[in-house]
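This chain uses plain numbering: 1 for the first residue, then up along the sequence.
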Amino acid sequence: KELLGDNINSGYDDYNALISDDGKTMYFVSRRPETKGSNINPDDQRYFEDIYISRWDSENNEWGRGVNEIDRLNSNGFDALNYISKDGMEAYLTINTSILDQKKVTKSSDICISNFTKEHRWSVPKPIKNKTINTSFFDGAPTLTEDGSIMYFVSDREGNKSKSDIYVVEKVGNSWGTAKKLPMNVNTTENETTPYITPDNKFLFYSSNGKKGMGGYDVYVTENMGDGTWGEPVNLGPDFNTVNDDIFFKYYPELNKGVISTYTLEGQKSSMDIYELKLEGWKIPK
């Protein structure tokens, strides 16, 4: 497990890394002072989220400096990029502009789509119009299969029964069907978050603090058995999980690597950081 350098991690919260198929571009989320609007969240006294982009520097063999100047993807609210289609033309985001004093706000955190235009820039993200996907509660962290026909996401809409859960929704023609909650061997009455589905819809990785793990949130994997049933989730163990929160795991078998976000403690200060995992020869546990 390798902590990425100062071009990516800042001493503020940095997390949710997403690497392009060719391994040359990384998007991630950060809560730094220079986020667009420089707004501070009253709940946790940290800056709002912005999306950052970094390019691989092959000369120096490292990731280049992350910048948040990305056409139209960052608002003055909370912005996170969660998924980009294989052809690079469609992006799925989690956006929350409900706390801003302005028009055109999301209801809360909503799942939004942006398209890469002919002008080679991203369009303004728009919430998905589907009442079973975007509600007045938190809805976010979308992850999709390679063909874009199945989406998994997180919602706390049943917060009175279980805190946050993973849902699945399938495309019917060109529009999304009805989102359904995954079964309770995957979800618990505590929090499930940051899902990542393998492109073939076979394995779902996610983090949970509702099972006996190593501490805080741990990363688990569950196998899709078909017919809406899922195998018993397996804890990925000490090479992946720590006593702190371990979230936003993504697996890139073609690149022989994965990414994960976890808390780093330095003196009295702790912040979320992005780590890269070398996974050559690694097999998904069943």
Side-chain angles (χ1 to χ4, degrees), residues 16 18 21 80-96 106-116 122-123 125-159 161-188 191-208 210 219-234 247-253 284 286:
N16 191 11
L18 177 69
D21 279 356
L81 181 62
N82 301 101
Y83 175 84
I84 293 181
S85 61
K86 194 166 178 64
D87 62 10
M89 300 307 285
E90 194 170 52
Y92 284 71
L93 306 93
T94 308
I95 294 178
N96 187 349
T106 60
K107 290 195 285 288
S108 59
S109 278
D110 282 346
I111 297 170
C112 300
I113 297 178
S114 169
N115 296 103
F116 203 64
W122 291 105
S123 64
K126 291 192 167 55
I128 295 174
K129 289 195 165 97
N130 178 317
K131 286 181 177 151
T132 71
I133 295 174
N134 287 321
T135 64
S136 58
F137 295 92
F138 174 91
D139 304 290
T143 175
L144 284 82
T145 53
E146 188 173 324
D147 63 6
S149 68
I150 303 172
M151 175 169 71
Y152 298 82
F153 65 95
V154 174
S155 179
D156 64 2
R157 64 190 66 176
E158 289 189 4
K161 286 191 285 189
S162 61
K163 292 178 180 170
S164 65
D165 293 305
I166 298 170
Y167 287 73
V168 62
V169 61
E170 295 192 36
K171 262 200 173 152
V172 184
N174 286 327
S175 53
W176 291 104
T178 303
K180 296 183 178 69
K181 192 163 125 173
L182 289 189
M184 289 307 284
N185 68 321
V186 175
N187 286 310
T188 67
N191 291 296
E192 279 65 50
T193 191
T194 63
Y196 171 74
I197 190 71
T198 53
D200 59 5
N201 195 35
K202 193 74 185 137
F203 293 96
L204 179 72
F205 295 91
Y206 66 101
S207 290
S208 173
V219 184
Y220 294 83
V221 64
T222 175
E223 186 174 0
N224 188 354
M225 301 301 190
D227 306 327
T229 62
W230 293 81
E232 204 47 45
V234 178
I247 50 180
F248 292 108
F249 173 75
K250 292 186 185 70
Y251 176 40
Y252 300 103
I284 296 173
K286 296 187 181 188

field: Heavy-atom closest contact (Phe138 atom, Gly140 atom, distance)
entry: CE2-N, 3.7 Å
- request: From the options Ser164, Ser162, Ser208, select the one residue that forms a side chain to side chain donor-acceptor pair (under 3.5 Å) with Asn191.
  value: Ser164
field: Within-4.5 Å side-chain heavy-atom neighbours: Tyr206 and Val186
entry: yes
task: Would you mind reporting whether Val154 and Thr194 have side-chain heavy atoms less than 4.5 Å apart?
output: no
message: As a quick check of understanding, evaluate side chain to side chain contact (heavy atoms under 4.5 Å, CB included) for Phe137 and Glu158, giving each step before the final call.
response: CA-CA 9 Å; Phe137 295 92; Glu158 289 189 4; over 6 Å; no
message: Looking at Gly231, is its backbone amide N or carbonyl O close enough to the side chain of Thr222 to form a donor-acceptor pair, meaning the two atoms are under 3.5 Å apart?
response: yes
task: Evaluate the side chain to side chain contact (heavy atoms under 4.5 Å, CB included) criterion for residues Ile284 and Lys202: first the C-alpha distance (whole Å), next the side-chain angles of each, then the deciding distance (0.1 Å), finally the verdict.
output: CA-CA 11 Å; Ile284 296 173; Lys202 193 74 185 137; over 6 Å; no
field: Check: Asn82 and Asn16 side chains under 4.5 Å, non-hydrogen atoms
entry: yes
- request: Answer yes or no: is there a side-chain heavy-atom contact under 4.5 Å between Ser136 and Ser108?
  value: no
message: Side chains of Asn201 and Thr145: any donor to acceptor distance under 3.5 Å?
response: no
statement: Between Pro125 and Cys112 the two heavy atoms that sit nearest each other are CB-CB, 3.9 Å
Lys250 side chain reached by Tyr83 side chain, heavy atoms, under 4.5 Å: no
- line: Tightest non-hydrogen contact, residues Gly210 and Thr188, listed as CA-OG1, 3.5 Å
- request: Step by step, work out the side chain to side chain contact (heavy atoms under 4.5 Å, CB included) result for Glu90 and Ile113.
  value: CA-CA 7 Å; Glu90 194 170 52; Ile113 297 178; 3.8 Å; yes
message: Rounded to the nearest 0.5 Å, what separates atom CD in Glu192 from atom CD1 in Ile166?
response: 6.0 Å
- prompt: Atom NZ of Lys181 and atom OG1 of Thr132: how far apart are they, to the nearest 0.5 Å?
  reply: 14.5 Å
field: Short side-chain to backbone donor-acceptor contact, Ser155 and Asp139, under 3.5 Å
entry: no
field: Gap separating the CG atom of Asn115 from the CE atom of Met89, nearest 0.5 angstrom
entry: 8.0 Å
query: Which of these passes side chain to side chain contact (heavy atoms under 4.5 Å, CB included) with Leu182: Leu204, Asp165, Asn224?
result: Leu204
- prompt: If you measure from CZ on Phe153 to CG on Leu144, what distance do you get to the nearest 0.5 Å?
  reply: 11.0 Å
query: Will you find, in the side chains of Ser149 and Asp147, an N or O donor that is under 3.5 Å from an N or O acceptor?
result: yes
query: Does Leu18 reach the side chain of Tyr252, with side-chain heavy atoms less than 4.5 Å apart?
result: yes
query: Nearest heavy-atom pair of Lys163 and Asp156: which atoms, and what distance?
result: O-CB, 3.0 Å
query: Once you round to the nearest 0.5 Å, how far does CD1 of Ile111 lie from OG1 of Thr94?
result: 6.0 Å
query: Is there side-chain contact between Pro199 and Lys86, with at least one heavy-atom pair below 4.5 Å?
result: no
message: Over 60° means perpendicular and under 30° means parallel, so tell me whether Trp176 and Tyr92 are parallel, tilted or perpendicular.
response: perpendicular
Spacing of CE belonging to Met225 relative to CH2 belonging to Trp230, to within rounding of 0.5 Å: 10.0 Å
task: Grab the two heavy atoms, one from Ile150 and one from Glu170, that are nearest each other, plus how far apart they are.
output: CG1-CG, 3.9 Å
message: Quick check: do Asn130 and Ser175 have side-chain heavy atoms less than 4.5 Å from each other?
response: no
message: Testing the basics here: between Leu81 and Ala91, what is the closest heavy-atom pair and its distance to 0.1 Å?
response: CD1-CB, 3.6 Å
